[in-house]
There are 2 protein chains.
Amino acid sequence: MPPIKIILTEDHQILRDGIKALIASANITISGEASTGQELWKLLDKDLPDIILMDISLPDTSGIELTRLVTEKYPEIKVLILSMYTDESFINQAIKAGAKGYLHKNTTREEMLVAIDTVLSGNDFYSDNISKIILKNYIEKAKLNINEIDNPNEILSKREIEILKMFAEGFINKEIADRLFISIRTVESHKNHIMQKLNLKTQVELVKYAIRHNLINI
Amino acid sequence: MPPIKIILTEDHQILRDGIKALIASANITISGEASTGQELWKLLDKDLPDIILMDISLPDTSGIELTRLVTEKYPEIKVLILSMYTDESFINQAIKAGAKGYLHKNTTREEMLVAIDTVLSGNDFYSDNISKIILKNYIEKAKLNINEIDNPNEILSKREIEILKMFAEGFINKEIADRLFISIRTVESHKNHIMQKLNLKTQVELVKYAIRHNLINI
DNA sequence: CAAAATCTAAGTGTATCGCTTAGTGGCTTT
DNA sequence: AAAGCCACTAAGCGATACACTTAGATTTTG
């Protein structure tokens, strides 16, 4: 089996050297090093690696943007983000950009090797602390709604929920009226009652209420 | 230190006996057993436990609903869900209902003891496999938007995004106009352009678009 | 049975929608 | 330098929706 080819994209020499010393072995070759996005593209023109270890903060392009562009052009390359940031938005953006994994910079040699194996085999890898951040956010987001004692089914009537659902799904009043065989005026009345009961002021809040309470799928 | 008082709410005798045999010790007392919601309320009338181990599927009320009611009436009691279900929606509902932790029924004695300690000390506990499910869902949800080539920042201008954000946050046209020192007509124009570009037909779709693309927090 | 809630509908003034036209300023293409 | 494109600005206009009010009919609840 040929060694795994990895490109380091990281603007700090000392970090590149450290990583190289840590993971280079008979099985793993650091086939290139880039300190900017531009340098990375030059390396990719010559030879494609199996994995790119990508820092987020680079001098020219951001690592997130680079990840997006690289995975678009070379879907076979696995990008592993190696970042000092643990903000959820970065993690989220990285996933969206096509990263196959996310490691914090306080990761260990062992974890990095596991991450490399994991993404090479086609799976995603998110280190423990990153997973914890995602988990924590999930729980907090879910809890946000705990204090909303307002269970729609208790406050709103069946008809009102029916109309709220249709409205939030995107039907306009006329369409709702036609489908339910009632007057537009009645649909308006129901919506007014709903807004009064929920103390909402705009239709935008109405849509968001429906989404928060899982009345519709977004 | 007095022993930890735990009530088992679980409709299968054999499971209750198994759990009891597993965790009862000098430190942990099973202070009561309920096979239905009704029985649980009777137990709570007599004596309050530190922890309730709660099954989701019960004959009368669902464990989720029971959790909601119990944590509302007795916030000091920690409810630990012990379920055979690993659907994300159950987990999510459990968190919303006020559960302090969620264990799968294939959990180990050790994990259950850790969970009990964790929730007693005021923290949340979600077992490894439950965490993995949440994580997997998070990543999949984040990835859903990858293939949506429509990155708002590429399609919409800065001004358009600014207005879309404000609209989706709940500002009405007049408020947006006032805040940006432009005419209400201009705000309308921008919104029209946005809807044309995104091929959206209603303002409801506009709000949902903004939410899907993380332009606003719901 | 009486009271309350729900479903239905309409009136009214204001706001927004959805479409069209249009002027100005900045940038790129030829 | 001229032409073309796009972003931002603004307005006209008919149709629709909003937000509030009143109100009758029916069903549910106490």
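Just so you know, these numbers come straight off a predicted model, no measurement behind them. Proteins come first, then strands; the chains are lettered A, B, ... in the order of their sequence lines, and each starts at number 1.
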Inset, instruction - At under 4.0 Å between heavy atoms, which parts of nucleotides 24-30 of chain D does protein reach? Answer with one letter per nucleotide, 5' to 3': B base, S sugar-phosphate only, - none. - result: -------

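With hydrogens and angles ignored, the 3.5 Å screen pairs a side-chain donor or acceptor of A/S131 with a backbone N or O of A/Y126. One N or O on the side chain of B/N137 and one on the backbone of B/I133 form a donor-acceptor pair closer than 3.5 Å.
Here C/dC17 presents its C1' atom at 16 Å from CG of B/L198, a figure rounded to the nearest Å. The distance from atom NZ of B/K158 to atom P of C/dG25 is 20 Å, rounded to the nearest whole Å. Per the geometry, CD belonging to A/E175 stands 12 Å off P belonging to D/dT16, to the nearest Å. Rounded to whole Å, atom C1' of D/dT9 lies 16 Å from atom CG of B/D178. Rounded to whole angstrom, the span from the CG atom of B/L156 across to the C1' atom of D/dA7 amounts to 12 Å. Atoms CD (A/E160) and P (C/dT8) sit 10 Å apart, rounded to a whole Å. Summarising the geometry, the separation between CZ on B/F181 and P on D/dC8 is reported as 18 Å, rounded to the nearest angstrom. Note: CG (B/L206) to C1' (C/dT16) measures 13 Å, nearest angstrom.
With no hydrogens or angles considered, no side-chain donor-acceptor pair links B/S62 and B/E65 at under 3.5 Å. Using modelled atom types and a 3.5 Å distance limit, the side chains of B/E188 and B/N192 yield no donor-acceptor pair.
Look at A/K20 and A/E33 and you find a salt bridge, because one of the NZ, NE, NH1 or NH2 atoms lies within 4.0 Å of a carboxylate O, short of that distance. Salt-bridge formation is not detected for the pair B/K208/A/E169: no Lys NZ or Arg NE/NH1/NH2 atom is positioned less than 4.0 Å from an Asp or Glu carboxylate oxygen.
Between A/K201 and B/I182, the residue anchored nearer the 5' end of DNA chain D, judged by the nucleotide with its closest heavy atom, is B/I182. Closest-nucleotide positions on DNA chain C for A/L180 and B/Q196 were compared, and the one nearer the 5' end corresponds to A/L180. In this structure, B/I184 and A/I163 both approach DNA chain C, and ranking their closest nucleotides by distance from the 5' end singles out A/I163.
Considering only side-chain N and O atoms, B/Q203 lies under 4.0 angstrom from the phosphate OP1 or OP2 of C/dC17.
When the salt bridge (charged side-chain N to carboxylate O under 4.0 Å, His left out) test is applied to B/E175, no partner is found at least two apart in sequence or on another chain.
Within a heavy-atom distance below 4.0 Å of DNA chain C, the residues of residues 185-194 of chain A found are A/R185, A/T186, A/S189, A/H190, A/H193.
Side-chain atoms of B/I172 lie closest to C/dT16 of the nucleotides C/dT16, D/dC18, D/dA19. For A/R159, counting side-chain heavy atoms from C-beta on, the closest listed nucleotide (D/dC8, C/dC7, D/dA10) is C/dC7.
Seen from the ring of A/F125, A/K100 does not count as a face-on cation partner, given the 6.0 Å and 45° thresholds.
Relative orientation of the B/W41 and B/Y74 rings is tilted, given thresholds of 30° and 60° on the angle between their planes.
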